[in-house]
Undergrad: 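Just passing along the structure, written as structure tokens.
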Protein chains: 2
Amino acid sequence: MTDTWLPRNPSFHSIGQDEPQAVDGKGVGSGMVTIKDIAKLAGVSYSTVSKALNNDPLIKPATRQKVLEIAEKYQYRKNIMAQQLSSGKSNIIGFVLDELSNPLFSNISKNLHRELKSRGYQMILVIAGDGVDIFSQLRVDGCIFWEYMLDDREAFWKLVSSMPMPCFVLGADENPNSPYIKIDRKEGIFKAVEHLKAHGHERIGFIGNSQNIKIEGYKEALQRTGLEFCQGSVLPAYSSWEDGYFAVRNYTFTSSSPTAFIGLNNLVTRGALRAFIEAGFQVPQDISLIGYDDLPDMQYAEVALTTIGPPLGELAVQAAELIVALIRGEDAKYPVVIQPQLYLRNSVAICKERI
Amino acid sequence: MTDTWLPRNPSFHSIGQDEPQAVDGKGVGSGMVTIKDIAKLAGVSYSTVSKALNNDPLIKPATRQKVLEIAEKYQYRKNIMAQQLSSGKSNIIGFVLDELSNPLFSNISKNLHRELKSRGYQMILVIAGDGVDIFSQLRVDGCIFWEYMLDDREAFWKLVSSMPMPCFVLGADENPNSPYIKIDRKEGIFKAVEHLKAHGHERIGFIGNSQNIKIEGYKEALQRTGLEFCQGSVLPAYSSWEDGYFAVRNYTFTSSSPTAFIGLNNLVTRGALRAFIEAGFQVPQDISLIGYDDLPDMQYAEVALTTIGPPLGELAVQAAELIVALIRGEDAKYPVVIQPQLYLRNSVAICKERI
DNA sequence: AACAAAATTTACAACGTTGTAAATTTAGAA
DNA sequence: TTCTAAATTTACAACGTTGTAAATTTTGTT
């Protein structure tokens, strides 16, 4: 009936038994080696090749070996597109970031990649603003969102739940209708305040005013520990190193100033630390300081910083496990709540006034 | 012969004419609407749907309209995997970043995304260290590398040229065997030096010591303009705001100090500017300063900074055009060389000593 | 009303995999 | 040697698209 049929790509599959065509390396869909090519070269059927490459125990070791060698030799690369289409699995997870300018994201992204990899998944990124629709179109197996669009929570959660694959949000916000991993920042701040109080500090300040949840946590923590919130004990700092630095520099210290501070994030805290030192304060003898975000940098600051923050390795493990469970349809326990930890180093001491 | 055949996913295609199954939204490969589903609902063949969705002019407008409406209603999302497999095109371009902690990357990434989008492509990211192999396996149509691994150029270029699809590198390095876009940083620095010299500056310093090519450019520029390289006129700064800030703070000014400086990048320059101001220098009356990287931030600094740097919009346009040309097999002209521009603002003035 | 030409729609192989069932080969026991 | 069971390999539909050729419908002439 269709004897006049012409194949769409007649030059395909031209790898011969003895004189295989060089993989030209450019132009997807033309020069790439497929399992059918390998099958021909190995003298087996292509389903055997498929199984061999997937380590199917049905395949005789010697056969697998031969197939693997040929695949290696001709630089075979599995076509994830075809794999997804056939099996419904791409083994790819998408990670949606909101910005690129805090080293925290570098760290989280690296940790997450490692954990996913060890569970058999690969990871690709998009910047939130650039549109996450591509993850739907690509049929990634799952999708992790770093919280963003905090100005319009509703639209954000709607977007998340409209994704056609398992998804969850990593952040501080909660939503009963979607899975999420909540970093309990308020509780983290509370731990920091408690720790400072345990060291005799009664006037505790906060450096940074851009993340409402942390500020709220700070105020609540003061209440819970029975400490007083003093006017002017929140030093304004947005998010960068210099914000922290100048927040402290521009602050006028008096005898009723806080004796300890908590910094909004890694950058702000390090900037503040530097400013304290320059102002002639000894940290922690004169002023105690706890930083948020336990990045490796924090311990290499001028004074090894005591920090609070989610355990970043653990966070990645939890995230990887949650997404994998959601994908597999196992009954994942969520929401997962990550409790920030206190990492004790050398920037907190007994309050001078108590000595 | 295979009358005992059982479909692998018997629940599939269960959308009926009048009672379409709810798109459950979770689990790729099970609940997603396909062109076949739409075809059934619209009462046309699935090739018609395919053509309608791709705006094929063969399709009668009324038919297209109906198909589009149904697609919209059932939240159809094209399956890029299937599209790639069938047509050999994914319309996706991969961008390989080396790190996430400089706002420059945010900017470049956004610009690039916009330009690619306007040319019909989508963009996904990976961090270089996480392995770019996924782009091969995903059969992205093309791949853009931000220069990295500068410690092992050879391995880097080998990796790039081993990619099975059109690729190029964006950066300052060159390689005769691969396409690349070269940002001519040396020439950029030269323009800055020239500009300063034209304003009467004869002792010009450089803040930053981490990017050899820029340091080299600085030294060469001095030679070319007949200026002297003075010992100690390179203030050590790695890459961050505080690096720039302290580079200046730690520098001891003498009567033979430079009267103008060039900053390594956006962060270093802004840190340095702040330090100059604090040290009591008026910029540009006492000291002129030119920053590298023309990010929007630069004009909102304490003094609107004159900068040099690749025109970032243009860079993205060139990059998008090059990769698209490479993909289409058009004879793209490369290497492309981007000449950094001088963006005149208020941080350069006539040298005091000449007045 | 009959026909040709144009417009529109349809059928279906192909893309590169996977997973199932069936076919073939090998090994072991009698 | 023959038979059976186990081990191994093979055949091929299916996944959701695209692109070509063929089929069908519509339109315009006469």
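Protein chains get the first letters and strands the later ones, always in sequence-line order, with residue 1 at the start of each.
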Undergrad: Could you report the tightest heavy-atom contact between A/Trp157 and A/Pro179, atom names first, then the distance?
TA: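 Heavy-atom minimum between the residues: CZ3-O, 4.4 Å.
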Undergrad: Would you say A/Ser47 places a side-chain N or O within less than 4.0 Å of OP1 or OP2 belonging to C/dT17?
TA: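 So the side chain of A/Ser47 is outside the cut-off, no N or O lying under 4.0 Å from OP1 or OP2 of C/dT17.
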Undergrad: Rounded off to whole Å, could you give me the CD1-to-P distance for the A/Ile35 and C/dT18 pair?
TA: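 Value for this atom pair: 6 Å.
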Undergrad: Which nucleotide sits closest to the side chain of B/Asn79: D/dT8, C/dC15, D/dT17?
TA: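 Closest nucleotide to the B/Asn79 side chain: D/dT17.
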Undergrad: Check this for me, if you would: do B/Asp130 and A/Arg114 make a salt bridge, where the nitrogen-to-carboxylate-oxygen distance has to be below 4.0 angstrom?
TA: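 Answer for the salt bridge query: no.
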Undergrad: Measure the distance from CD on B/Gln65 to P on C/dT8 and round it to the nearest whole Å.
TA: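 That distance rounds to 15 Å.
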Undergrad: Indicate whether OP1 or OP2 belonging to C/dT18 is found under 4.0 Å from a side-chain N or O atom of A/Asn54.
TA: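 Affirmative; the distance criterion is met.
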Undergrad: Any donor-acceptor pair under 3.5 Å joining the side chain of A/Ser45 to the base of D/dA11?
TA: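 Looking at the base of D/dA11, it does not pair with any donor or acceptor on the side chain of A/Ser45 (distance under 3.5 Å).
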Undergrad: Side chains of B/Ser50 and B/Ser47: do they bring a donor and an acceptor to under 3.5 Å?
TA: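 No, no side-chain donor-acceptor contact under 3.5 Å.
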Undergrad: Between the side-chain atoms of B/Thr48 and the base atoms of C/dT9, is any donor-acceptor pair under 3.5 Å?
TA: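 Between C/dT9 and B/Thr48, which were checked side chain against base, a qualifying N/O pair under 3.5 Å is absent.
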Undergrad: Respond yes when some side-chain nitrogen or oxygen of B/Ser87 is under 4.0 Å from OP1 or OP2 of D/dG19, and no when none is.
TA: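 Checking B/Ser87 against D/dG19: no side-chain N or O falls below 4.0 Å of OP1 or OP2.
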Undergrad: Is A/Asp173 salt-bridged to A/Arg153, going by a charged N under 4.0 Å from an acidic O?
TA: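 A salt bridge is present here (some side-chain N lies under 4.0 Å from a carboxylate O).
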Undergrad: Nearest nucleotide by nearest heavy atom, which residue falls closer to the 5' end of DNA chain D, B/Tyr76 or A/Leu58?
TA: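 Result of the comparison: A/Leu58.
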Undergrad: Among C/dT17, C/dT9, D/dT18, which nucleotide has an atom closest to any side-chain atom of A/Ser86?
TA: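 Closest nucleotide among those given: C/dT17.
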Undergrad: State plainly whether the residues A/Glu115 and A/Arg119 are in salt-bridge range, i.e. N to O under 4.0 Å.
TA: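 Looking at A/Glu115 and A/Arg119, the cut-off is met.
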Undergrad: Just how far, in rounded Å, is P of C/dG16 from CZ of A/Arg139?
TA: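 Distance check: A/Arg139 CZ to C/dG16 P gives 20 Å.
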Undergrad: Specify the separation, in whole Å, of atom NZ of A/Lys60 and atom C1' of C/dA27.
TA: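 Nearest whole value for this atom pair: 12 Å.
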Undergrad: Suppose we call a contact any N or O donor and acceptor under 3.5 Å apart; does that hold for the side chain of A/Lys51 and the base of C/dT20?
TA: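 Per atom types, the contact qualifies.
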Undergrad: Any idea which of D/dT18, C/dC12, C/dG16 is nearest the A/Ala82 side chain?
TA: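 The listed nucleotide nearest to A/Ala82's side chain is C/dG16.
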Undergrad: Give the rounded distance in Å between these two atoms: CG of B/Leu85 and C1' of D/dT18.
TA: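 Going from CG in B/Leu85 over to C1' in D/dT18 covers 10 Å.
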Undergrad: What is the distance, rounded to the nearest whole Å, between atom CG of B/Asp37 and atom P of D/dT17?
TA: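 Rounded to the whole Å, the gap is 9 Å.
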Undergrad: The side chain of B/Tyr46 lies closest to which of these nucleotides: D/dT17, C/dT18, D/dT8?
TA: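 For B/Tyr46, the side-chain atoms sit closest to D/dT17.
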Undergrad: Between D/dT18 and B/Ser50, is there an OP1 or OP2 to side-chain N/O distance shorter than 4.0 Å?
TA: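 For D/dT18, OP1/OP2 do have a side-chain N/O of B/Ser50 under 4.0 Å.
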Undergrad: Does a side-chain heavy-atom distance below 4.5 Å link A/Ile323 with A/Asp141?
TA: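 Contact flag for A/Ile323/A/Asp141 side chains = no.
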Undergrad: Which nucleotide, C/dT10, D/dT17, C/dT17, lies nearest any side-chain atom of B/Gln83?
TA: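 Out of C/dT10, D/dT17, C/dT17, the nucleotide with an atom closest to B/Gln83's side chain is D/dT17.
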Undergrad: Rounded off to whole Å, could you give me the CD-to-C1' distance for the A/Gln84 and C/dG19 pair?
TA: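 So the two atoms are 15 Å apart, to the nearest Å.
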Undergrad: Give the rounded distance in Å between these two atoms: CG of B/Asp56 and C1' of C/dT10.
TA: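 For the pair B/Asp56 CG and C/dT10 C1', the rounded distance is 13 Å.
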